[in-house]
Amino acid sequence: MSRYNHRETEAKWRKAWAEADLFRARTPEEAGDSPKAYILEMFPYPSGRIHVGHSRNYTMGDVVARYKRARGFNVLHPMGWDAFGLPAENAAMERKVHPGAWTLNNIREMKGQLEKLGLSIDWSRELATCDPSYYRHQQAIFLAMWRKGLAFRKSAKVNWDPVDNTVLANEQVVDGRGWRTGAPVEIRELEQWFFRITAFAGDLLEGLDGLGRWPDKVRLMQANWIGKSRGAFVWWDIAEVPDFLKAGLENEGPHHARDPVEVFTTRPDTLFGASFLALAPDHPLTRRIAEFRPEVAEFVAECARAGTSEAEIEKAEKKGMDLGIRVRHPFDPAWTLPVWTANFVLSTYGSGAIFGSPAGDQRDLDFARKYGLPVVPVVLPPGVDADSHAIHDEAFTGPGTLYQSRFLDGLSTEDGIIAAIAELEKRRAGEGTVIWRLRDWGVSRQRYWGCPIPIIHCPKCGLVGVPETDLPVELPGDVDFSAPGNPLARHPTWKHVACPQCGSAAERETDTLDTFVDSSWYFARFCDATAPDRPFDPKLAAYWLPVDQYVGGVEHAVLHLLYARFFTRALIECGFLDLPGGEPFAGLFTQGMVNHVTYKSGEGKWLAPDEIEDREGQPVEIGSGRPVTRGALEKMSKSKRNVIDLDAFVQDFGADVARWFVLSDSPPERDLEWTDAGAEGAWRFSQRLWTLFAAAPPPGDPLMAAVQPQGPGLEILRACHRAAAAITGDLEGFRFNRCIAAVHECVNALKKLEPLFTPDHAPALREGLGILARLIAPFMPHLAEELWEKLGGTGFVVNAPWPEANPDFLREDMVVIPVQIDGRRRAELNAQKGLDPQILRAMALAEDKVQAFLAGAAPKDVIIVPDRIINIVTK
RNA sequence: GCUGUCGUAGCUCAGUGGUAGAGCGCAUCCUUGGUAAGGCUGAGGUCGCGAGUUCAAUCCUCGCCGACAGCACCA
């Protein structure tokens with residue numbers, strides 16, 4: 001018996017699979033009655049080499065794909081590359097390579113690594129988003145969305161890095177400074193392209209209810225992000241304006257003195273507790289007043305400065321300033337309130353203005369206490385009477401009964417809201433409304449390595465779409481990264497073009513699209529990945545979509561998944577796609593990361609694991625022998641130097657072992673700790689399987705059921721059918737770690753029976769091992785093929801049917817029943833299953849140990865749960 | 001602060017209203033013709049803490065403590 005040689009065997013089977021073209025998805029016609037299963041892992045950014053941490057995601061998807069294939073599904077399991085993005089430009093600047101060359105090189109490298117993992121991928125559908133054959137369709141989609149009003153331009157605030165001359169995404173701003181240059185970021189107003197995702201806010205929220213196979217956590221995060229709030233707009237007429245402001249406010253401008261101040265509230269029932277209005281520092285009226293009052297201008301500027309750092313916002317004290325004007329209460333024109341500006345009011349939410357009702361809102365209360373504004377309680381908590389109710393340091397925000405509120409007195413919070421809105425609408429002082437936290441999606445990026453926006457700016461015609469026949473608008477190849485800013489904008493010729501409508505000199509849009517756009521429809525392109533003349537055939541998309549199982553990191557729980565859900569809706573509206581319900585991903589699984597220990601040298605430098613050795617239990621640096629501190633478990637990343645390279649591991653231990661280990665130790669949705677000991681354990685287990693199959697009988701058909709197995713043969717089949725039942729259930733439930741535990745259990749049971757593997761039991765053994773080989777096939781596909789071949793299985797184990805557990809082998813005849821006395825286990829019975837409770841009672845009371853404990857006393861009660869437990873109660 | 005997830009063997013995790021489990025690690029022993037090893041046996045637990053419900057709670061309920069994640073002045 002030789003040892004298992006993973007290097008030869010894995011290469012052999014990968015070659016055989018490729019030659020048989022096993023993983024090509026069948027067309028709907030070829031598939032006939034077979035149901036379809038679209039299995040997709042979030043496609044990777046081609047950053048370079050992959051490590052074992054990345055492999056977990058693909059392995060999970062592959063396990064599902066292989067399982068579904070064994071179950072007779074027509075499986076689509078494609079792979080592609082999210083190939084546009086900043087790292088390529090950074091590499092271009094640092095290493096003087098073209099972003100395209102750098103990206104293609106990485107793709108080549110990573111594809112080779114993924115292939116060695118033995119993934120069952122249909123590579124004929126491979127795509128890269130930086131390929132003009134992909135992004136030309138994206139440009140066509142953009143133009144269709146523009147014509148429908150779903151893509152539009154507006155002026156928006158952006159983070160501007162004055163050194164790099166570029167716009168930064170929010171996550172590229174660290175403590176108010178550009179992440180690369182360290183220069184203080186400026187807020188600038190720029191014309192930007194947006195997608196009107198807010199047009200679908202309600203539908204995107206309601207759609208979440210139908211996504212039963214998504215994690216609740218993700219649905220909740222999306223719901224919070226969309227942020228629906230019911231409430232009311234309330235319009236407050238300006239009552240008093242100081243003389244020095246009058247002239248200013250009478251002029252034309254952003255906020256005229258005749259314009260009421262609009263406020264959004266979810267609690268119109270507390271309007272009688274209002275004691276002030278507060279406007280955002282950048283509210284138009286605040287800015288107007290700042291023109292005439294230097295102290296207001298100073299306050300606004302101060303807020304703008306503090307606003308950049310998140311840590312400061314968190315701690316920032318509530319501050320405000322009285323603007324000097326007063327407004328009329330909507331329910332009582334004689335009642336006027338002061339108008340303040342306050343740093344805690346957000347201009348981007350609601351109307352950018354609030355009314356302060358301090359008794360019912362903690363922020364308003366803090367503010368009112370600080371500036372001596374009135375606090376009038378208007379909501380009585382349940383069970384509290386009006387005389388004893390008082391507000392001290394804590395606002396009461398819960399539901400209750402309204403009082404001190406004139407016509408609302410006695411109403412519940414809920415009814416009060418309805419009544420207040422009705423009154424507002426009657427007086428034309430406000431209206432009930434719903435507002436959203438979700439904002440339109442800014443897609444402009446002042447970058448080179450992204451999809452060009454197919455728009456031409458003509459001085460005469462305005463915005464003109466590039467004609468379909470001129471698509472794609474390709475990126476120029478000759479670009480200069482030596483200067484900061486957008487290379488497209490300063491390219492000598494690229495942007496200059498004749499207007500397609502009037503022919504006069506015009507300029508191309510030099511912004512490119514956010515890379516989240518590229519990943520918002522790639523799953524649809526995979527359905528028809530080579531269509532030259534349109535994004536995809538709607539019939540093929542209708543066949544394959546929605547994706548049945550999407551697998552990826554929870555870090556994409558909000559943005560990517562929300563954008564993709566928006567995109568399918570936009571594609572439907574533009575006529576590209578037919579997808580009832582509009583949901584792209586019917587099932588979603590978010591897997592945990594792979595963590596690994598980190599090491600730091602005395603100087604605080606990160607050290608790689610192969611630079612460490614163990615000296616009497618203390619990790620030290622190899623060579624110098626200097627002590628090293630063992631850091632926290634961290635997600636594998638190059639910067640922390642705690643990655644395990646996939647190629648090296650596969651070379652040493654094999655792809656099957658890597659796949660097995662990343663699934664074995666933790667539930668898939670949780671993080672996994674990578675340890676050498678665990679990896680070696682997985683390797684030993686693969687060898688153990690190999691030696692177990694060495695005891696197999698001469699080759700025969702493992703699909704043939706053994707007839708009337710006896711003794712050890714029966715035990716073999718029991719172990720294997722039990723494993724089949726457990727693993728099938730756990731695969732359906734995405735519990736891969738439990739599948740692996742079940743395989744361990746089965747192999748342990750078989751190992752114990754190994755001395756009894758005699759020719760008499762050959763049919764049972766062949767059937768049992770045949771089941772086992774098919775059960776491990778999704779996890780260790782190469783080894784499974786080899787074992788299947790040894791057993792005498794015909795064809796590939798990949799194509800073999802999934803083993804069905806025979807219920808006859810799952811039944812147990814005898815059962816051990818514990819006997820408790822007063823809740824503590826004192827004895828046990830070995831009994832036939834399904835015995836009558838009265839017989840069990842007699843058996844239990846007859847037990848010596850029970851007799852001893854009872855010492856002659858009669859039991860007060862005996863609780864009998866058949867086949868489970870007997871509890872004798874004496875007290 | 002809000003929301004959510006999680007506390008079970010040294011480590012990573014299963015599990016169930018009714019006998020506390022697996023893998024790895026550890027210890028003892030055996031094999032050295034399955035050998036960059038393999039195998040037998042074993043030790044190891046207040047199931048985070050406290051109360052309640054129950055014949056019986058690791059599991060259900062409530063409170064507390066701790067860890068992690070997302071959002072974060074959302075009116």
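Every chain is numbered from 1, with letters handed out A, B, ... down the list of sequences.
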Enquirer: Each nucleotide N or O in nucleotides 15-17 of chain B that has a protein N or O under 3.5 Å away: list the pair and distance.
Expert:
from  : atom 1 : to       : atom 2 : distance (Å)
B/G15 : OP1    : A/Arg738 : NH1    : 2.7

Enquirer: For the pair A/Glu302 and A/Lys319, find out whether any cationic side-chain nitrogen is under 4.0 Å from an anionic carboxylate oxygen.
Expert: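 Between A/Lys319 and A/Glu302 there is a salt bridge, with a charged N closer than 4.0 Å to a carboxylate O.
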Enquirer: Please tell me which of A/Ser229 and A/Ser664 maps to the more 5' nucleotide of RNA chain B, matching each residue to the nucleotide holding its nearest heavy atom.
Expert: A/Ser664
Enquirer: Please classify the nucleic acid contact of A/Ile863 as base, sugar-phosphate, or nothing, using heavy-atom distances under 4.0 Å.
Expert: base
Enquirer: Could you give the CG-to-C1' distance, from A/Asn224 to B/A72, as a whole number of Å?
Expert: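 So the two atoms are 11 Å apart, to the nearest Å.
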Enquirer: For A/Ala280, give me all partners under side chain to side chain contact (heavy atoms under 4.5 Å, CB included), at least two apart in sequence or on another chain.
Expert: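 Partners of A/Ala280 under the side chain to side chain contact (heavy atoms under 4.5 Å, CB included) test: A/Asp282, A/His283, A/Val345, A/Ser347.
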Enquirer: Can you give me the N/O atom pairs linking the protein to nucleotides 22-24 of chain B at distances under 3.5 Å, or say none if there are none?
Expert:
from  : atom 1 : to       : atom 2 : distance (Å)
B/G23 : OP1    : A/Asn748 : ND2    : 3.1

Enquirer: Mapping A/Gln687 and A/Ser347 onto RNA chain B by nearest heavy atom, which one lands closer to the 5' end?
Expert: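 Nearer the 5' end of the strand: A/Gln687.
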Enquirer: Please report the distance, rounded to the nearest Å, between CG in A/Asp730 and C1' in B/A14.
Expert: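 From A/Asp730 CG to B/A14 C1': 10 Å.
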Enquirer: May I ask you to verify if any side-chain N or O of A/Ser357 is less than 4.0 angstrom from the OP1 or OP2 atom of B/A75?
Expert: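 Answer is no, no contact under 4.0 Å.
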Enquirer: Among all residues two or more places apart in sequence or in another chain, which pass the side chain to side chain contact (heavy atoms under 4.5 Å, CB included) test with A/Ser664?
Expert: A/Phe661, A/Ile740
Enquirer: What's the closest nucleotide to the side chain of A/Thr266 if the choices are B/A75, B/C73, B/C55?
Expert: B/A75
Enquirer: For A/Arg841, which residues count as a side chain to side chain contact (heavy atoms under 4.5 Å, CB included) partner, sequence neighbours excluded?
Expert: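 Testing A/Arg841 for side chain to side chain contact (heavy atoms under 4.5 Å, CB included), a comparison that skips the adjacent residues, returns A/Gln838, A/Leu845, A/Val862, A/Ile864.
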Enquirer: Quick test of your reading: applying salt bridge (Lys or Arg N to Asp or Glu O under 4.0 Å), list the pairs with at least one residue in residues 338-362 of chain A, sequence neighbours left out, ordered by first then second residue.
Expert: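 Those involving residues 338-362 of chain A are A/Asp361-A/Arg363.
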Enquirer: Any salt bridge (Lys or Arg N to Asp or Glu O under 4.0 Å) involving residues 677-688 of chain A? Give me the pairs, sequence neighbours left out, ordered by first then second residue.
Expert: none
Enquirer: State, without any angle test, whether A/Thr198 and A/Asp440 hold a side-chain donor-acceptor pair at a distance under 3.5 Å.
Expert: yes
Enquirer: Where does RNA chain B form stems of at least three consecutive Watson-Crick or G-U wobble pairs, each pair having both distances below 3.5 Å?
Expert: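 As far as RNA chain B goes, consecutive pairing (with distances under 3.5 Å) yields the stems B:1-7 with B:65-71, B:10-13 with B:21-24, B:29-31 with B:37-39, B:48-52 with B:60-64.
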Enquirer: Sequence neighbours left out, what passes ring pair (Phe, Tyr, Trp, His ring centres under 6.0 Å) with A/His329? Give chain and number order.
Expert: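 Result, ring pair (Phe, Tyr, Trp, His ring centres under 6.0 Å) vs A/His329: A/Trp236, A/Phe272, A/Phe331, A/Trp335.
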Enquirer: Sequence neighbours left out, what passes ring pair (Phe, Tyr, Trp, His ring centres under 6.0 Å) with A/Tyr371? Give chain and number order.
Expert: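 Applying ring pair (Phe, Tyr, Trp, His ring centres under 6.0 Å) to A/Tyr371 gives A/Trp340, A/Phe367.
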Enquirer: Hey, does A/Val345 reach any base, or is it just sugar-phosphate, or nothing, if we go heavy atoms under 4.0 Å?
Expert: base
Enquirer: Test of understanding: with ring pair (Phe, Tyr, Trp, His ring centres under 6.0 Å), list the residues that count as partners of A/Trp225, not counting sequence neighbours.
Expert: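 A/Trp225: no ring pair (Phe, Tyr, Trp, His ring centres under 6.0 Å) contacts found.
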Enquirer: Of all residues at least two apart in sequence or in a different chain, which pass the side chain to side chain contact (heavy atoms under 4.5 Å, CB included) check with A/Asp209?
Expert: none
Enquirer: Please tell me if A/Arg688 has a side-chain N or O lying less than 4.0 Å from either OP1 or OP2 of B/A37.
Expert: no
